[in-house]
There are 2 protein chains.
Amino acid sequence: MATRTRRSQRRTEALSRERIVEAAVELLDATGEGGLTFRALTERLATGPGAIYWHVENKDELLGAATETVVAAALAVEPTGAPDSPAGAPDSPRDEIRAVALGLFEAIDEHPWLATQLATHLSRSPWGSVAPRIFESLGRRVRALGVPEGSWFVVTSALMHYILGAAGQNAANARAGGGGLDRDEFLDATAAAWEELDPDDYVFTRAVAYQMRGHDDREQFLAGIDLVLTGIAATHPPDA
Amino acid sequence: MATRTRRSQRRTEALSRERIVEAAVELLDATGEGGLTFRALTERLATGPGAIYWHVENKDELLGAATETVVAAALAVEPTGAPDSPAGAPDSPRDEIRAVALGLFEAIDEHPWLATQLATHLSRSPWGSVAPRIFESLGRRVRALGVPEGSWFVVTSALMHYILGAAGQNAANARAGGGGLDRDEFLDATAAAWEELDPDDYVFTRAVAYQMRGHDDREQFLAGIDLVLTGIAATHPPDA
DNA sequence: TCCATGCTGGAATGGCGTTCCAGTCATGTC
DNA sequence: GACATGACTGGAACGCCATTCCAGCATGGA
């Protein structure tokens, strides 16, 4: 086995599109958006640029592949059937939507570069695999919610937009603001900055700044989801 | 006059931070995200890099300034008092929120680069002037809606997240997908792509693809806003 | 045995953001 | 009217980036 393996491979482990994308994700996670360079990639993979370009069209495609990989992983853990639930108590569509949303939220939280990447990727090529994947996952639950067919598209889109918008903007909050600040310091600094705004132009923002300090991102994200879900339920009563 | 003007200025019109930002916005509008280079900028302003760097810290700051300028302009047109309404019929907070949202939607529609820029800018530095500006504009109406103070932050954030998320993702749809396609062709291509997805994995998406074809972005965006607003009203009844 | 083909990585290219610096001009001072 | 000052300019250069080119390698089939 060892012989065959060694024979069929130039290096300890052959280069492949998978290995490249995996390394790219690791690099993005470790060093952020700007940390993914072909130099760093060739170094980490102990190879040259030509080898990478043989497996991958260009950097944009590599970023797209990284995005798709991470999103797919995030949606894969979703409790489609919830086989471990107490039996006879399947999750409601509402709970499932919350779970899917939270999965995406956490994926963006773990991979902060996803926020920007999704924004460019989704609007640039909605035919890619990532938009339909998210859309499908949410849409099935929207249908289960009892929303009439004519509104499926609108409702599912709205949900997706909220989820990606909110998760994206929260992402960097969690990871501190570029400097070495931790989350509390960062929140505190932002709240302080808000409190020093012009009292005339920013009455509301100043009045609300204190709520910024101790707030829990996840909790607030879910509260937003609930707002949208409640709106959906009110607009399309399940018994209609 | 001409003499004094000519005397006090090195060139026909002196370089200034304003002029630079203005040129940057024009360049971004005309040639897209990647079109803004210092080379193109120096050419358009008939100067050298050093002159630009005297007025501006670096490219990130320039992009931030461009973003702030455009957002400020978008929020400035909002009908704060609606002085031209039939008299005695002021806009409801709900209508005003719709108007503010639509203003942002159209700004992103006119300047597609705003979508990505807002995503990076907002999450990178929430203390900048753009987040508070939007937050304030929406928050005042949320308060007028009768939402209890304890929920101001959550509700306003949710609204902002939906607006920016939805507007951002719709932006590029409107401007065709990179190629020379117009809107209808683009929508059609996307719908066709969705209809060719795996029938098992994408039941919902395939079933809904046809709704993609003729849909109106603005209308759908507003429908989403209404969903959120309805959710807000249901969660916080005005008479409570 | 030898060649075709899939795959590799070092060297080179052109464009980018950014820096450096020698210079220019309006202005204040005497 | 001469001169020093300091805001402001723009050409040349630097280092890093994505991308391309190509001479070579290993391997499976003839």
Side-chain angles (χ1 to χ4, degrees), chain A residues 1-21 23-24 27-28 30-67 113 116-117 120-121 124 178, chain B residues 1-24 27-28 30-67 113 116-117 120-121 124:
Chain A
M1 171 160 79
T3 315
R4 205 188 51 185
T5 307
R6 200 150 30 80
R7 278 226 186 173
S8 65
Q9 292 171 347
R10 176 108 47 120
R11 44 173 70 260
T12 351
E13 202 152 338
L15 205 53
S16 70
R17 191 184 153 96
E18 262 187 28
R19 255 171 56 78
I20 293 173
V21 172
L27 220 43
L28 284 166
T31 57
E33 201 119 15
L36 179 64
T37 73
F38 272 77
R39 247 218 252 293
L41 211 51
T42 56
E43 210 163 310
R44 174 180 272 259
L45 292 169
T47 180
I52 294 178
Y53 275 97
W54 179 262
H55 295 277
V56 154
E57 193 67 30
N58 53 36
K59 194 180 179 183
D60 274 354
E61 201 216 290
L62 179 56
L63 273 165
T67 304
W113 49 271
T116 315
Q117 210 42 46
T120 59
H121 185 80
R124 193 131 61 195
Chain B
M1 174 159 75
T3 314
R4 205 189 52 186
T5 307
R6 199 153 27 83
R7 278 226 185 172
S8 67
Q9 291 171 349
R10 178 107 46 122
R11 42 170 73 258
T12 352
E13 202 152 338
L15 205 52
S16 70
R17 192 185 152 94
E18 262 187 27
R19 254 171 57 78
I20 293 173
V21 172
E22 187 189 335
L27 220 43
L28 283 165
T31 57
E33 200 119 17
L36 178 64
T37 73
F38 272 77
R39 252 216 246 292
L41 210 50
T42 55
E43 208 164 311
R44 173 180 272 259
L45 292 168
T47 180
I52 294 178
Y53 274 96
W54 179 262
H55 294 278
V56 154
E57 194 68 29
N58 52 38
K59 194 181 179 182
D60 274 354
E61 202 216 291
L62 180 57
L63 273 166
T67 304
W113 49 273
T116 316
Q117 209 44 46
T120 59
H121 186 80
R124 193 131 61 194

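Just so it is clear: chains get the letters A, B, ... in the order the sequence lines come, proteins before strands, and each one is counted from 1.
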> Select one nucleotide: of dG17(C), dG11(D), dT20(D), the one nearest the side-chain heavy atoms of Pro49(B).
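Shortest atom-to-atom distance from the side chain points to dG11(D).
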
> Just checking Leu36(B): base, sugar-phosphate only, or nothing, at a heavy-atom cut-off of under 4.0 Å?
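Sugar-phosphate contact only - Leu36(B) comes under 4.0 Å of backbone atoms but never of a base.
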
> By nearest nucleotide on DNA chain D, pick out whichever of Gly34(A) and Arg39(B) is the more 5' one.
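So the residue in question is Arg39(B).
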
> Expressed as a whole number of angstroms, how long is the span from Leu41(B):CG to dG15(C):C1'?
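In whole Å, dG15(C) C1' and Leu41(B) CG are 16 Å from each other.
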
> Output the rounded distance in Å from CD1 (Ile52(B)) to C1' (dC16(C)).
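Rounding to the nearest Å, CD1 of Ile52(B) and C1' of dC16(C) are 14 Å apart.
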
> Could you tell me which non-hydrogen atom of Gly35(B) sits nearest to which non-hydrogen atom of Leu27(B), and how far apart they are?
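Result for this residue pair: O-CG, 4.0 Å.
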
> Provide, to the nearest angstrom, the distance between the CD atom belonging to Glu43(A) and the P atom belonging to dG10(C).
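Those two atoms, CD and P, are 11 Å apart.
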
> Of the listed nucleotides (dT18(C), dT9(D), dT8(C)), which one gets closest to any side-chain atom of Leu15(A)?
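The answer is dT8(C).
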
> I'd like to check the side chain to side chain contact (heavy atoms under 4.5 Å, CB included) partners of Glu61(A); sequence neighbours left out, ordered by chain and number.
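Arg17(A), Glu57(A), Asn58(A).
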
> Can you tell which of dT9(D), dC7(C), dT18(C) lies closest to the side chain of Phe38(B)?
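It is dT18(C).
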
> Look at the side chain of Trp54(B) and decide which nucleotide, out of dC8(D), dG17(C), dG6(C), has an atom nearest to it.
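Minimum distance to the Trp54(B) side chain belongs to dC8(D).
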
> What does Leu62(B) touch in the nucleic acid at a heavy-atom separation under 4.0 angstrom: a base, only the sugar-phosphate, or nothing?
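Nothing: the residue Leu62(B), judged by heavy atoms under 4.0 Å, touches no strand.
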
> Which nucleotide, dC8(D), dG17(C), dC7(C), lies nearest any side-chain atom of His55(B)?
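Looking only at side-chain atoms, His55(B) lies closest to dC8(D).
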
> Whole-Å distance between dT9(D) P and Arg17(B) CZ?
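Atom CZ in Arg17(B) sits about 14 Å away from atom P in dT9(D).
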
> Out of dT19(D), dA7(D), dT8(C), which nucleotide sits closest to the side chain of Lys59(A)?
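My answer, after comparing the listed nucleotides, is dT19(D).
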
> Can you name the residues that form a side chain to side chain contact (heavy atoms under 4.5 Å, CB included) with Glu33(B), not counting sequence neighbours?
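Testing Glu33(B) for side chain to side chain contact (heavy atoms under 4.5 Å, CB included), a comparison that skips the adjacent residues, returns Trp113(B), Thr116(B), Gln117(B).
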
> Rounded to the nearest 0.5 Å, how far apart are CD1 of Ile52(B) and CG of Leu45(B)?
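Rounded to the nearest 0.5 Å, the CD1-CG separation comes to 5.5 Å.
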
> What is the distance from OH of Tyr53(A) to P of dT19(D), rounded to the nearest Å?
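Nearest whole value for this atom pair: 4 Å.
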
> Just so I know, are the side chains of Thr120(B) and Leu63(B) near enough to count as touching, which here means a heavy-atom distance under 4.5 Å?
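No - every pair of side-chain heavy atoms lies 4.5 Å or more apart.
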
